[in-house]
Amino acid sequence: MNDVAKLPAGFGRVWTAQTVSSLGDGVTHAALPLLALTLTRDPMALAVVTAAGTLPWLLFGVLGGALVDRWDRRRTMWVTDAARAVLLAIPAVAAALDVLSIPLLAALAFLLALGGLFFDTAATAYLPDLLGRDPAQLERANARLRGAQTAASGFAGPPAGSALLALGRSVPLLADAVSFALSALLVRSLPAVPRPAASARESLLRQARAGASYVFRDRLLLGLALRPAVGNVAFIAVETVLALFARERLGVGAFGFGLLLTAEATGGLLGAGIASLLGRRLGTGAALTCTATIEGLAILGLASAANPYVAGLALAVCGAGMGATMVLGPSLRQAIVPAHLMGRVASTSRMLAMCAAPFGAFVGGWLATTYDLRTPLYAAAGLLLTMTAVTATMTSNRRVETALRSARLQADPADQDPAKEIVARTTPS
C-alpha cells in the first residue's frame, strides 16, 4: 500500500476507468463469438468477425499513433470511450429487434478495435506525463493496470458475458456500453497534461514515418518491439492448437481446458505483481531477458507435458513470464521515448505484434497438420529462445541505463526535431 500511496491521485481514476473498460471488453470478448454462433455455423463467417477485430491495427496502427501525437491525449481517451458506448447501442437495438447480422457484428468488431487503437495509444502516451516519466512509478502503475486488466478481462469478463447472454442477446452489449460510458466519465475528470508541441506544417504521413523510423533505428526500442512481435508468432501458434492438444494429448474436456487457461491467467497476475521486484534485483534489461527465457522454457515444458497438471504448471509459469514482460517493457518505453513521439512509437510496436499474430496462426496450423500436435509447441519454444538470445544485447542493462540517463538529461524533448533525435538516440554508446 505504501507504493500505491506514492502514485498521484489521478492514477486511481485511470486504474478504475481501465478496469471497468476491461471488464466490459471481457464481456464482449466472450459474447461476440457466441452471438455470431446464434446467426451462423459457417466457419468462414465466424472467421470474418474475428479477423475484423484485428484489421484496425494492421491498417491504421502507425497513422493512429501520429494522430494521437497531434491530439490531446485525455480528450482522445474519453471521446473514444463515449463513442464506443454509443456504438454498442446499435447492435444491442438490432439484437432486441431480431435484425442482428454477421456483417453488423463484423463492423462492430472493427469499429470497437479502431476505438481501442486510439484509446490504448492515448493511454500509453498519457501515463508517463501523469507520472512525470519516473521509471519506478511507471513500473508500479503498469503492474497495477496489467493486473486489473487480467483479472477483469481474463477472469470476470468472459463468464459474465456468457451469463448475460443467457438473459438476452442485447444484454452483454448494453453492459459493455455502460462500462465504456463509466470509463469516459472517469477519464473526463482526469487532470490535464501539457499537449505535445506539433511539428510545423508536417504531413500526417511524414509524422507517421518519423515515428516508425525512430523505433527501427534505435536498437533498444527495436529489441523491445521485436520481443512481442516474435513472441506473438510463437504464442499464437501455441494458442491455435492448444484446445486440440489439451483434448487429444492431455485428455481434458472443455472444463479442464478452461482450468488450463485460468492457470495461465493466474501466472500472469503473479508475474505482473513481481515485475518491479525483478527489475530492481536484476536490472530491467536482465529481467526482460530472464522473463523471455522463462517463457521459452515453459512452452518447452508444455510441449513435453504428459498430463494436465504439468501442462497447467507450464502455462502458469509462461503466464508469469508474460505478465512481468508486459509490465517491464512498456514501462521502459514510456520512460525513454520523448512525449511528442510516444503515440507513434507505442502504435508502431503494437502494430508489429498484431501483424505477427496471423502468421503465428498459420504456422501453428500448418505444423500440426504436417507433423503432429506437439510440433508447433516445440517450434514456438525454439523461436522464443532464439529471439531471447538475439535481443539480449539489444536490451542489456548497460543500454537501458544509457537510455534512461539520456532521457533524464533531455530538457524539453517536445521542442526537438524528430530527425535530430533519431541521430542522437542511435549514436553508439
Side-chain angles (χ1 to χ4, degrees), residues 1 3-32 73-74 76-85 87-88 112-113 115-131 137-164 171-191 261-262 264-276 319-320 322-324 326-327 330-331 334 346 350:
M1 294 300 293
D3 285 345
V4 175
K6 296 178 183 178
L7 295 171
F11 174 74
R13 277 171 276 169
V14 173
W15 180 86
T16 304
Q18 292 209 9
T19 301
V20 169
S21 185
S22 293
L23 179 61
D25 286 343
V27 168
T28 301
H29 182 71
L32 205 59
R73 276 86 184 254
R74 183 189 62 165
T76 300
M77 287 190 288
W78 76 259
V79 169
T80 297
D81 267 1
R84 287 194 284 182
L87 172 67
L88 279 161
L112 287 178
L117 185 160
F118 286 112
F119 183 93
D120 293 347
T121 303
T124 299
Y126 177 83
L127 190 62
D129 291 333
L130 179 67
L131 301 182
Q137 284 204 337
L138 284 168
E139 285 185 4
R140 288 196 296 272
N142 280 310
R144 291 196 68 203
L145 290 171
R146 180 64 188 169
Q149 182 182 36
T150 300
S153 64
F155 288 111
S162 300
L164 289 172
V171 177
L173 298 174
L174 291 174
D176 198 11
V178 171
S179 77
F180 280 130
L182 290 174
S183 175
L185 290 173
L186 286 165
V187 172
R188 181 68 179 82
S189 71
L190 288 171
L261 297 183
T262 300
E264 183 178 19
T266 302
L269 285 174
L270 174 63
I274 65 172
S276 294
M322 292 170 63
M326 295 179 75
V327 169
S331 298
Q334 288 169 328
R350 181 74 178 270

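We use all heavy atoms of the structure for the numbers below, so side chains are in, but hydrogens, waters and symmetry mates are not. As the structure is a prediction and not an experimental result, all values here were calculated from the model.
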In Å, rounded to the nearest 0.5 Å, how long is the span from [atom1] of [X] to [atom2] of [Y]?
| X | Y | atom1 | atom2 | result |
| --- | --- | --- | --- | --- |
| Leu173 | Leu112 | CG | CG | 9.0 Å |
| Leu87 | Asp176 | CG | CG | 10.0 Å |
| Leu145 | Leu138 | CG | CG | 10.0 Å |
| Arg73 | Leu190 | CZ | CG | 14.0 Å |
| Arg188 | Arg74 | CZ | CZ | 5.5 Å |

Under the rule for side-chain hydrogen bond (donor to acceptor under 3.5 Å, both in side chains), what residues qualify as partners of [X], not counting sequence neighbours?
| X | answer |
| --- | --- |
| Gln149 | Arg146 |
| Thr121 | none |
| Arg84 | Asp81 |
| Ser331 | Asn142 |

From CA spacing to verdict: side-chain contact (heavy atoms from CB on, under 4.5 Å), Leu88, Phe180: CA-CA 9 Å; Leu88 279 161; Phe180 280 130; 3.5 Å; yes

Mind checking side chain to side chain contact (heavy atoms under 4.5 Å, CB included) for [X] and listing every partner two or more places apart, or none if nothing turns up?
| X | value |
| --- | --- |
| Ala143 | Val327 |
| Ile274 | Leu270, Leu278 |
| Ala175 | Leu164 |
| Ser189 | Arg13 |

Test item: Ser21 side-chain N/O and Ala17 main-chain N/O as donor-acceptor pair under 3.5 Å: no

Do [X] and [Y] have side chains that get closer than 4.5 Å, going by heavy atoms?
| X | Y | value |
| --- | --- | --- |
| Phe11 | Leu127 | yes |
| Ser179 | Leu182 | no |
| Ser183 | Trp78 | no |
| Tyr126 | Gln334 | no |
| Leu130 | Pro191 | yes |

Contact summary for Thr124 and Ala346, nearest pair of heavy atoms: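 It is CG2-CB, 3.8 Å.
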
Minimal non-hydrogen separation, Ala181 against Ala85, with atom names: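 Answer, listing the atom of Ala181 first, then Ala85: N-CB, 3.8 Å.
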
Residues in salt bridge (Lys or Arg N to Asp or Glu O under 4.0 Å) contact with Arg350, at least two apart in sequence or another chain: Asp120

Non-neighbouring partners of Phe118 that pass ring-ring contact (aromatic ring centres under 6.0 Å, His included), sequence neighbours left out: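 By the ring-ring contact (aromatic ring centres under 6.0 Å, His included) rule, Phe118 matches Trp71.
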
